[in-house]
Amino acid sequence: MHNRYDVVDLSHLRFTWSLARDGVLLDEGTLPTPDLDAGEESEVPLPSAATNGDGGGECWLTVQAELAKPATWAAEGHVVAWGQVPLPPSGGRAVRAVLGTGLKAAEPAGPQILLGPARFDRSTGRLLGLGDHAFAGPWLSLWRAPTDNDRAWAQRDAMYWEAHGLQRLRHRTVSTDPDAEGLTVVVRSAASASDCGYLTTYRWETDGRRLRVRVHTEPVGHWPERDDHFQEAMVEADLPPEEYAELVRRNKAPSLARIGLHWELPGEWSRVSWFGAGPGEAYPDSRQAARVGRFRASVDELQTPYVRPQDNGNRADVRWAEIVDERGAGLRVEGAELFNLAARRWSDRHLAEARHQTDLSAGPTVHLHTDHVVQGLGSGAVGPGVLPGHRLEVGPADFTFVLAALQAE
């Protein structure tokens, strides 16, 4: 522990700890507060519960520095600082997004294709529902409602995305192939009159209870370099030559806002819970204020009401999420990899067209984004754009989600 205050010791603070497995609290307590003057350091032993792993799952230790008594500026218990570290569990990290044994066959049935509990449109291959629930999607999503930074002249990401029609993608089904172990759907996504796009293969499988989609998507056509006019160097010149060259390449590479899936869910599915980073929004280059845990919020509470409406509310490093109605009926989404989550009552295009919060009105559906990766935010409105390490460049991607219908409690 390092007291980084300039003039005070740590007597005004108490240090608490908590241990959670897969987001569920296992134990908690208080650490002895070391008598450290300004600038001093000391080692504090971990609580015994954090060193005696007795099961599998994903374990996290969180330590908080709280006010030990009321201050003129905050109440007792106000969190001044916190830190979080993963602990190696004895049982290993849980395997996510798996199905049971015995994959089911896809069966054409009139205008639909049935695959276990799932229903697909026979002509487009689009998922129509799961179990008793009806919803629409997924569509490949590569764009977001531009942020002020995305619109900045220095980096011109928003201009690049719109020049290539990412905000108006049309999705044309190339093929739908049902077989004895699932359904394969191939879709080309591109804007009208554009010579670049993405070709996506969706492989759907089910064990009769849960539905898995394995996605492979890759760019097609010509994607020119992005035009960057920021005069200041974005890459440190004294980096190792190979690392320097790679970051310079990424800094000029064609960019995307996201690579992921867009779903349209019933409007009454307004309650969201997730295991991942939270409780607030987080992007690849604005992640420090988010911690790993289980969180709950309404769809409306997920929004960050910036003065100028723009993309917001992304939740990062999500393991699983549930979107349900007041009775608990809805959908569970689980990722084979960490993914990004966003949900709102208006589409990205409506969000981009709004100039004030009052321009946004709730529609009949919830727009859910489960993104494999998203681009960082940068600071283009007042300085440099997204650093090369947080840029999302045009390229192939592979990711997997497992869906399960949730019934009313």
Side-chain angles (χ1 to χ4, degrees), residues 126-148 150-151 158 161-162 166-171 257-258 260-274 276-283 290 294-316 318 320-333 339-371 374 377 401 403 405-409:
R126 186 157 295 151
L127 181 63
L128 302 175
L130 188 63
D132 298 331
H133 305 323
F135 51 89
W139 296 270
L140 181 71
S141 183
L142 306 174
W143 181 74
R144 68 186 179 200
T147 66
D148 288 342
D150 295 334
R151 297 178 186 275
W161 300 336
E162 292 171 7
L166 300 189
Q167 80 282 14
R168 52 184 178 89
L169 292 181
R170 298 179 66 88
H171 307 279
R258 54 162 42 113
L261 302 182
H262 171 208
W263 313 77
E264 290 186 358
L265 308 180
E268 59 268 23
W269 293 7
S270 59
R271 295 166 51 193
V272 183
S273 58
W274 72 98
E281 69 176 20
Y283 290 79
R294 288 197 187 192
F295 304 98
R296 297 176 183 270
S298 69
V299 169
D300 295 331
E301 290 170 341
L302 291 178
Q303 315 310 308
T304 303
Y306 292 110
V307 174
R308 178 185 178 126
Q310 54 194 283
D311 189 87
N312 70 90
N314 185 74
R315 265 58 180 182
V318 176
W320 57 258
E322 295 180 352
I323 304 91
V324 300
D325 63 15
E326 293 297 327
R327 300 176 302 129
L331 184 70
R332 178 183 173 98
V333 182
F339 64 96
N340 295 270
L341 175 76
R344 54 182 66 101
R345 295 189 179 277
W346 35 79
S347 69
D348 280 354
R349 292 190 66 175
H350 290 153
L351 185 58
E353 291 167 358
R355 292 295 175 265
H356 306 88
Q357 289 294 325
T358 53
D359 297 334
L360 295 170
S361 57
T365 61
V366 169
H367 295 267
L368 174 69
H369 288 274
T370 55
D371 293 323
V374 299
L377 297 175
F401 293 111
L403 312 178
L406 301 176
Q407 304 304 318
E409 297 174 353

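We're numbering straight along the sequence, starting at 1. Scope of the values below: all heavy atoms of this structure, side chains included, with no hydrogens, waters or symmetry mates.
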Engineer: Between S361 and W346, do the side chains contain a donor N or O and an acceptor N or O under 3.5 Å apart?
Structural biologist: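 No donor-acceptor contact under 3.5 Å links the two side chains.
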
Engineer: Excluding sequence neighbours, so at least two apart, what forms ring pair (Phe, Tyr, Trp, His ring centres under 6.0 Å) with F339?
Structural biologist: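 Result, ring pair (Phe, Tyr, Trp, His ring centres under 6.0 Å) vs F339: F401.
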
Engineer: Taking only residues two or more places apart in sequence, or in another chain, which ones meet R296 in a side-chain contact (heavy atoms from CB on, under 4.5 Å)?
Structural biologist: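 S273.
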
Engineer: Which heavy atom in A408 sits nearest to a heavy atom in A329, and how many Å separate them?
Structural biologist: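 Residues A408 and A329, closest heavy atoms: N-CB, 3.7 Å.
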
Engineer: Testing the basics here: between A145 and A352, what is the closest heavy-atom pair and its distance to 0.1 Å?
Structural biologist: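 For A145 versus A352, the nearest heavy atoms are CB-N, 3.7 Å.
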
Engineer: How many angstroms lie between atom CG of D371 and atom CG of L341, to the nearest 0.5 angstrom?
Structural biologist: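 D371 atom CG to L341 atom CG measures 9.0 Å (nearest 0.5 Å).
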
Engineer: Between R344 and L302, does a side chain to side chain contact (heavy atoms under 4.5 Å, CB included) hold up when you go through it step by step?
Structural biologist: CA-CA 8 Å; R344 54 182 66 101; L302 291 178; over 6 Å; no

Engineer: How close do V299 and A343 get, heavy atom to heavy atom, and via which atoms?
Structural biologist: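 Nearest pair, atom of V299 first, then A343: CG1-O, 3.8 Å.
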
Engineer: Do any pairs count as a side chain to side chain donor-acceptor pair (under 3.5 Å) and have a residue in residues 320-331, sequence neighbours left out, and if so which ones?
Structural biologist: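 Found E322-R332.
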
Engineer: Report the C-alpha distance between D300 and R271 in whole Å, list the side-chain angles of each, state the deciding distance to 0.1 Å, and finish with yes or no for salt bridge (charged side-chain N to carboxylate O under 4.0 Å, His left out).
Structural biologist: CA-CA 9 Å; D300 295 331; R271 295 166 51 193; over 6 Å; no

Engineer: I'd like to check the side chain to side chain donor-acceptor pair (under 3.5 Å) partners of D311; sequence neighbours left out, ordered by chain and number.
Structural biologist: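 Result, side chain to side chain donor-acceptor pair (under 3.5 Å) vs D311: Y283.
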
Engineer: Calculate, to the nearest 0.5 Å, the distance between atoms CG and CG belonging to L261 and L127 respectively.
Structural biologist: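 Answer for the CG-CG pair, L261 versus L127, is 11.0 Å.
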
Engineer: Among residues at least two apart in sequence or on other chains, which ones pass side chain to side chain donor-acceptor pair (under 3.5 Å) with R294?
Structural biologist: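 Checked R294 against side chain to side chain donor-acceptor pair (under 3.5 Å); zero matches.
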
Engineer: Please determine whether the number of non-hydrogen atoms from other residues, nucleotides or ligands lying under 6.0 Å from atom NE2 of H350 exceeds 12.
Structural biologist: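 Counting neighbours around NE2 of H350, 12 or fewer heavy atoms of other residues, nucleotides or ligands fall under 6.0 Å, so no.
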
Engineer: What are the two closest non-hydrogen atoms of L265 and I323, and how far apart are they?
Structural biologist: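 Between these two residues, the closest heavy atoms are CD1-CG2, 4.0 Å.
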
Engineer: Supply the atom-to-atom distance L169 CG to W143 CH2, rounded to the nearest 0.5 angstrom.
Structural biologist: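 Taking CG in L169 and CH2 in W143, the distance rounds to 10.0 Å.
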
Engineer: Going by side-chain contact (heavy atoms from CB on, under 4.5 Å), name the residues that satisfy it together with A354, two or more places apart in sequence or in a different chain.
Structural biologist: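 Result, side-chain contact (heavy atoms from CB on, under 4.5 Å) vs A354: P309, D359, L360.
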
Engineer: Distance from N340 atom CG to T370 atom OG1, nearest 0.5 Å?
Structural biologist: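 N340 atom CG to T370 atom OG1 measures 9.5 Å (nearest 0.5 Å).
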
Engineer: State which residues pass side chain to side chain donor-acceptor pair (under 3.5 Å) with Q167; sequence neighbours excluded, sorted by chain then number.
Structural biologist: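 Counting only residues at least two positions away or on another chain, Q167 forms no side chain to side chain donor-acceptor pair (under 3.5 Å).
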
Engineer: Check side chain to side chain donor-acceptor pair (under 3.5 Å) between S141 and all other residues, then give those that pass, not counting sequence neighbours.
Structural biologist: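 Checked S141 against side chain to side chain donor-acceptor pair (under 3.5 Å); zero matches.
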
Engineer: Side chain to side chain contact (heavy atoms under 4.5 Å, CB included) between H133 and Q407: does it pass, once the steps are laid out?
Structural biologist: CA-CA 9 Å; H133 305 323; Q407 304 304 318; 4.2 Å; yes

Engineer: With sequence neighbours left out, what residues match A134 under side-chain contact (heavy atoms from CB on, under 4.5 Å)?
Structural biologist: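 Only R119 meet the side-chain contact (heavy atoms from CB on, under 4.5 Å) criterion with A134.
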
Engineer: Mind checking what makes side-chain contact (heavy atoms from CB on, under 4.5 Å) contact with F295, not counting sequence neighbours?
Structural biologist: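 side-chain contact (heavy atoms from CB on, under 4.5 Å) list for F295, sorted by chain: W274, P279, R291.
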
Engineer: Look only at the side chain of Q310 and the backbone of T147, and say whether a donor-acceptor pair between them is shorter than 3.5 Å.
Structural biologist: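 Such a contact is absent between Q310 side chain and T147 backbone.
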
Engineer: Closest heavy-atom contact between Q303 and N312?
Structural biologist: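 Between these two residues, the closest heavy atoms are CA-OD1, 3.3 Å.
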
Engineer: Please test H171 against R126 for side chain to side chain contact (heavy atoms under 4.5 Å, CB included), starting from the C-alpha separation and ending with a verdict.
Structural biologist: CA-CA 11 Å; H171 307 279; R126 186 157 295 151; 4.0 Å; yes

Engineer: If you look at every heavy atom in P146 and E162, which pair is closest and at what distance?
Structural biologist: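 Looking at all heavy atoms of both residues, the closest pair is CG-OE2, 3.9 Å.
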
Engineer: For residues 362-369, please give each side-chain donor-acceptor pair under 3.5 Å, one per line with the distance, not counting sequence neighbours.
Structural biologist:
{"from": "T365", "atom 1": "OG1", "to": "H367", "atom 2": "NE2", "distance (Å)": "3.4"}
{"from": "H367", "atom 1": "ND1", "to": "H262", "atom 2": "NE2", "distance (Å)": "3.0"}

Engineer: After noting the C-alpha distance and the side-chain angles of F135 and W269, does the key distance pass the side chain to side chain contact (heavy atoms under 4.5 Å, CB included) rule?
Structural biologist: CA-CA 11 Å; F135 51 89; W269 293 7; 4.0 Å; yes

Engineer: Show me the pairs that pass salt bridge (charged side-chain N to carboxylate O under 4.0 Å, His left out) and involve residues 134-146, at least two apart or across chains.
Structural biologist: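 Residue pairs with at least one partner in residues 134-146: R144-D150.
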
